[in-house]
Every structure is written in structure tokens, then in C-alpha cells.
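Just follow the structure's listing: the first ligand is 1, and inside any ligand the first atom is 1. For clarity, every value in this text was computed on a predicted model and none was experimentally measured.
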Amino acid sequence: MNLFITLAMAAGIPLLIENVTLLSPEQAQPLGNRHVLIRDGRIAAVSDKAIPAPADARRVDGSGKFLTPGLTDAHVHVSDAVGLPFEMQDPDLAAMAQEFFAQQPRSYLYFGVTQVLDTANRPDRVTLFAAQKQHPDIYRCGVAPVVDGYPLVFVDKAIRHTFFNDYIFEPANAREHPLPAGARAAEHTPEAVVERIAKSGALCVKVTLEDGFGDATDWPVMSAETLRRVRVATKKHGLFLAVHANALDMQRIAINGDVDLLLHGVWNWNQLNDSLGMPAVIADHLRTVRDQKIGYQATLRVNPGVTDLLDPGLLEDPMYAKVVPPRLLAWYRTEPAQWFKRLVFGPNVDAAAVLAGQRTANGRWATSEKGMRALRHLYELGQPMLLGSDTPSAPTYGNQPGYDTYKEMQLMVQAGIPLSAIFAAGTINNARQLGLEKDYGTIEQGKIANLLLLDANPLASLDAWTKIDKVILRGEPIDRETLAADAR
Ligand SMILES: [Zn+2]
């Protein structure tokens, strides 16, 4: 699968960045007065001595600026037109969706995200993303839910198993969730599904351990035996195994199944949900995550991304005009655009109370507070931090491409994670977790030249990640403001 159309575009003209301060996460300190030569989309040389400029090179003066690797957001869903309904008969809405998909990759780049991992199941939308002229490098997981399981539970029963073919038949659920009529059993074993996903060019298989949101606990879940077979099959095909699980009991199944990556933090503590501090049971769980070297994405933005819909100032945030196409932004202000807010909160929600509840330990929408406590504890145990925003986690216009990656980092700061650990999370740690450290994560010779030229030091303040002078995409320097949704 060759997604990298920009490679051809960038090939040929070398780029020389001179006198820059290099921030590369394998270095203990920033390195001043460095010179970086980029050829054919890759880093050709890094030196503390001046590099003679090739005759045809473009030169960028890096004086007073900081050069970093581009960020990787390892949990996004590029298939969803943020905030729009799933079914769009209305031609105006369909046109807005197309405008969204055209802008989306540029919005990620606007916030310095030059690599994404998509964990939904729409290879066609991944292709559309990669077909835009300027886009982050995109990788994907294939999703393998069980029959009638999450996320199929949200798709109409009549079409859910044709819309989404890579489902696994779970023998333990056979009585209530039999193989759909017309399906062939041999095509829905763990081995067959994982093989199909491997052949589709995915990096990973995602399984979902989710027995319900809110008060629901009756959605069908994969058995330990089936998860074991998925694990064996992913190893055979060289894929990593990622799991959607955010509840303590579900994450325990994942850990017992020897998975590679938890795609959410543990924020549903089951019977311990009202606990303050760090209950011993949660501390034990987090220690096991660390001891078994399981990757852990906190995804702290999931629930605030929904409650943000109640914030009357949300759409006045000037950053919205940078990442949302103008017509879609205008539509967000209309009554029909509040459909998801009504669905979640009902018609008579006390917005102020919900927003206040978000900041306390109790209450249905306070989950990210527990997620932050868990993340901080895990950090103190020495767990490598990862960056994954889960944008959008729901059809909420509170989660926007790129901007939400930045907001995820803001919540990590709020959780007590140091800036250096957040820097490592978005660069080298994510690259390693995805098995892509040969190409990304540091500024070293041979790596893909997806870099950021910043006006401020992100090890000194988080908002340096918004002070982007240029996004360098496979050696092609792009002025940040040209990527904005309101640029033209
Ligand atoms: Zn997700």
C-alpha cells in the first residue's frame, strides 16, 4: 500500500535547515546550532558543523527556533465527519462532509501531527485522507469485533454484519448472538479475520472489550479463548494487538490475553467508581500493565469532548475557525447540529452542573478525573507515556482533528505529566509502540523528514506546540497558516 503521494512531490529538492536548536527525544539536552540536511524526504545529515548547501537546496534559517520530530497521534478516526449525522440525505450536509474530509488532514498538520494511526474500520476513508494533497502519514488497525458486539451494537441490526465484514463469531455467545444468516463460519474465525486484516495492509488488529456504556452491561464480549486465538494469529502475521477497553474488568481480560496496547485509560473503576485517591486494586492493575510492558493510551479527551458541547463558549474559540471549514462551523451553531447533545443529555440538561461535575470525582461525566489519577500513578511507576486522542470519540463537534491532540496533551499536563514525558509520548514512544521507530520519532539520519520548526521550546511550555513556524512534511516546508481552514 503506497499512501505517500507527497514523497514524489518532495523528492528532488534538498532542504537545509541551519543554526537550529535540535530537540530529539533520545538526547538528554537540546542541541544548539545544529544543521540538518534533508534529501528525498529523509534526513540525510545532522551536524554541529555547517553543511555546505547543495546547489539546488532551499535554505531555512533556524536561528532562535526549535526543530522537533512531528507528532504522532496514535488513536484517531478519520472516517467520521465530526459532528455530522451518520445518514446524510441532505445534499448540503453531504457537501459539508466533503469539505470536512478535504480539510481534516490539514487540521492535523496545523497542530503539528504528521503521523496518525486510524483505529476505525473504513479503509476507503483512510484512502480519501491520503489522497489529499497535504496529509500526515496514515496507518491503520483493522477492527475485529464479535458478532453484535461493540461498535456493531450502534449499527442497525439489518446491515451491521454486511457493513462491517471483519467480525469474529464468538462460540461462547452462540445462543444469543449466532452467526448471521448467510455468513460462512470459516470466514469469521479469529484466524480467518486476522489473515484478512493482515492482507489489507493494516499494522494492527483492534478488538473491543466493551460490555456497555453508562448503565448497559449486556453487550456481547470476546471470550478469553477467542482472544488467545487472535493473539496467536496476530503474532503469526506480524501485527500488533490493540484493545478498546476502559473498564477495570475489561482491561483485565485484555491483560490476561497478553495484548500489546490498551487504546484507552482505565477510567471505569467498576465497583470502585466513587473512590478517592488511588485504591489498591487500581494500583495493582496499573503495576501489572507496567510489568507486562503493555502500551497504555490515556485518551483523556473522550468524555470532555462530549461535555464540551454544553460549553456556551466552545464555538467562539478562535482555534475552531482554524480547523473547521467555515460552512460546517456555521452549521454547528444551528439547532439541527445539536442532535448528539440532545441524544446524550436530553432536552433539559443543567449545563453548568454537568460542567462542574466534570471537575469532581463523582458523577457520570467525571471519568476523566479518574483517568488522570490513573495516568499520573502509571507515570510514577515508570510506564512510558503514549499520545492518543481518540478524535472523534463520538459524533461530538467537541473533538476536532489536530486541536484535540493538543487538548489531550493539555490534560496530560493537568494530570501531572512533565513536558519532557509528553514530548517523548508524541514522538519516540509512539513510534516504538507502533513498530515505526525506523522511520519516525527522532531527528536522526535516515528517518523520514516529518519535522516541526517551532518558535518556542515545548520542553519549557506546552503551548510551544501551537507556535509552529513550519511543518516539514517529507522534506517539504509548509507555512502553518496556509494549512488553516480559514486560509482561503
Ligand atoms: Zn477510538
For this session: Verify side-chain contact (heavy atoms from CB on, under 4.5 Å) between Met96 and Tyr332, making sure each step is shown before the conclusion.
Result: CA-CA 11 Å; Met96 282 183 227; Tyr332 285 165; over 6 Å; no
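Any protein N/O/S atom under 2.8 Å from the Zn ion (ligand 1) was counted, giving 3 altogether.
With salt bridges taken as basic N to acidic carboxylate O contacts below 4.0 Å, none links Glu225 and Arg229. At a threshold of 4.0 Å, the pair Asp284-Arg287 counts as salt-bridged, since one of the basic side-chain nitrogens sits closer than that to a carboxylate oxygen.
Checking Lys293, Arg231, Lys235, Arg432 one by one against Asp260, the salt bridge (Lys or Arg N to Asp or Glu O under 4.0 Å) holds for a single residue, Arg231.
Listed by first then second residue, pairs satisfying disulfide (SG to SG under 2.5 Å) with a partner in residues 287-346 number zero, not counting sequence neighbours.
Annotation: cation-pi pair Lys322/Tyr320 absent, no NZ/CZ under 6.0 Å from the ring centroid and within 45° of its normal.
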